[in-house]
There are 2 protein chains.
Amino acid sequence: METDLFKSWIARGRLKATRQREEILNVFFNSHGHQNLAQIYAQVMKVDPKIGYTTVYRTLKLLTRHGLALQRKFADGETRYEPVSDKSHHDHLICLGCGKIIEFEDKDMEALQEGIAERHRFKISHHRMELYGQCADCRSKKKNSARKG
Amino acid sequence: METDLFKSWIARGRLKATRQREEILNVFFNSHGHQNLAQIYAQVMKVDPKIGYTTVYRTLKLLTRHGLALQRKFADGETRYEPVSDKSHHDHLICLGCGKIIEFEDKDMEALQEGIAERHRFKISHHRMELYGQCADCRSKKKNSARKG
DNA sequence: TTTGAAATTGAAATCCAATTTCATTTTAAG
DNA sequence: CTTAAAATGAAATTGGATTTCAATTTCAAA
Ligand SMILES: [Mn+2]
Ligand SMILES: [Mn+2]
Ligand SMILES: [Zn+2]
Ligand SMILES: [Zn+2]
């Protein structure tokens with residue numbers, strides 16, 4: 001369990017320690033990430049069916065405000081959350097075939113972005129970068145069905 | 001007026017030529033771009049107050065389907081539309097201070113994206129790339145107020 | 001330990017942009 | 001012209017996000 005994380009979050013946020021918050025945090029930090037609220041809520045329900053959707057909603061919002069969660073909105077329009085761990089910033093490859101989300105980081109990319117911004121005398125605070133297409137699995141599946149068909 | 005564009009759109013889409021569609025298209029292609037539906041509707045109203053919001057909505061959706069408009073969703077969550085002209089693909093710098101949207105294109109960036117995708121055996125169909133921060137104007141304003149305060 | 005103000009919870013209500021419905025009007029093919 | 005299909009627009013609906021509010025819980029102070 002993420003006991004330390006929970007305690008430090010509660011302390012730093014001057015929040016009250018509740019069973020609900022601890023359970024939601026545990027579920028969230030043990031999930032795969034990139035889940036929407038309904039999915040997180042469903043997982044929370046398994047642990048404790050009495051916790052309300054509203055509380056999950058508010059807790060994720062709090063976690064986001066305090067930097068422990070990131071809200072992501074990819075092109076499908078769904079609002080997803082991912083836990084923020086010690087691993088650094090990353091961007092995403094998103095498969096339009098199977099929905100798989102692959103994370104990557106690329107220093108050259110970030111440097112290039114800074115260069116572009118400078119040319120426009122623009123100071124970047126953050127960015128969004130997503131690559132949409134077909135993953136390796138979906139590409140080979142498509143190739144096979146084309147061969148058969 | 002974009003008479004030719006209108007005619008070819010109607011023809012290619014096997015649509016019916018209506019006053020509403022022509023007026024909406026004209027307003028849209030003479031706008032600055034990156035406008036939401038309410039803003040486009042407001043402009044259409046000035047030309048012809050009888051046109052319904054629903055028709056503007058449906059027309060923009062049609063234009064999007066036919067490749068004459070692009071729907072953009074930046075981080076503020078608003079749905080915006082921009083006319084697709086002959087100019088090629090571009091990405092955006094978005095000022096968090098004043099909302100200004102600057103367009104840019106960068107061949108190196110696109111090449112780098114291809115490289116990243118290849119490394120993951122991923123085939124890109126399109127991407128989204130937005131840089132958020134402060135534009136030149138907002139930066140100098142901030143500097144001035146800091147000097148005074 | 002008891003107390004009580006403030007914070008939290010959760011069901012229900014509200015919000016609001018996106019989308020659909022449907023009666024009426026318009027288009028364009030024949 | 002005639003007429004079926006398409007388009008329009010006001011109104012209704014949808015669905016996720018957010019707020020409300022009465023009841024419950026936390027926790028610091030007594
Ligand atoms: Mn991620
Ligand atoms: Mn643009
Ligand atoms: Zn895939
Ligand atoms: Zn600015």
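Quick note on labels: first sequence line is chain A, next is B, and so on, each numbered from 1. Note that the coordinates shown come from a computational prediction; the quantities given were computed from them, not determined experimentally.
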Has [X] got a side-chain N or O lying under 4.0 Å from the OP1 or OP2 atom of [N]?
{"X": "A/Tyr57", "N": "D/dA17", "value": "no"}
{"X": "A/Gln20", "N": "C/dG10", "value": "yes"}
{"X": "A/Thr18", "N": "C/dT9", "value": "yes"}
{"X": "A/Tyr53", "N": "C/dG10", "value": "no"}

Taking [atom1] from [X] and [atom2] from [N], how many angstroms apart are they, rounded to a whole number?
{"X": "A/Trp9", "N": "C/dT8", "atom1": "CH2", "atom2": "C1'", "answer": "12 Å"}
{"X": "A/Ile51", "N": "D/dT25", "atom1": "CD1", "atom2": "C1'", "answer": "14 Å"}
{"X": "A/Glu23", "N": "D/dT25", "atom1": "CD", "atom2": "P", "answer": "14 Å"}
{"X": "B/Lys50", "N": "C/dT24", "atom1": "NZ", "atom2": "P", "answer": "20 Å"}
{"X": "A/Lys61", "N": "D/dT18", "atom1": "NZ", "atom2": "C1'", "answer": "7 Å"}
{"X": "B/Leu60", "N": "D/dT8", "atom1": "CG", "atom2": "P", "answer": "13 Å"}
{"X": "B/Phe6", "N": "D/dA7", "atom1": "CZ", "atom2": "C1'", "answer": "12 Å"}
{"X": "A/Arg65", "N": "D/dT18", "atom1": "CZ", "atom2": "P", "answer": "11 Å"}

field: Carboxylate-amine/guanidinium proximity below 4.0 Å for B/Glu78 and B/Lys73
entry: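 Judged by the 4.0 Å cut-off on N to carboxylate O distance, B/Glu78 and B/Lys73 do not form a salt bridge.
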query: Less than 4.0 Å between a side-chain N and a carboxylate O, is that true for A/Arg121 and B/Asp137?
result: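 Not counted as a salt bridge, because no side-chain N and carboxylate O are separated by less than 4.0 Å.
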query: In terms of ring plane angle, is the pair B/His126 and A/Tyr132 parallel, tilted or perpendicular, where the classes change at 30° and 60°?
result: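 It falls in the parallel class, under 30°.
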message: Is the ring pair A/Phe104/B/His120 parallel, tilted or perpendicular, if the boundaries are 30 and 60 degrees?
response: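 Ring orientation of A/Phe104 relative to B/His120: tilted.
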- prompt: Hey, is the side chain of A/Arg58 pairing donor to acceptor with the base of D/dT20 inside 3.5 Å?
  reply: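 Per atom types, the contact qualifies.
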Base, sugar-phosphate or nothing for [X]? Non-hydrogen atoms, less than 4.0 Å.
{"X": "A/Leu37", "result": "nothing"}
{"X": "B/Arg21", "result": "sugar-phosphate"}
{"X": "B/Ala38", "result": "nothing"}

- prompt: Would B/Glu2 and B/Asn26 count as having a side-chain donor-acceptor pair, cut-off 3.5 Å?
  reply: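 No, no side-chain donor-acceptor pair sits under 3.5 Å.
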- request: By nearest nucleotide on DNA chain C, pick out whichever of A/Thr54 and B/Thr79 is the more 5' one.
  value: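 By nearest-heavy-atom nucleotide position, the 5'-most residue is A/Thr54.
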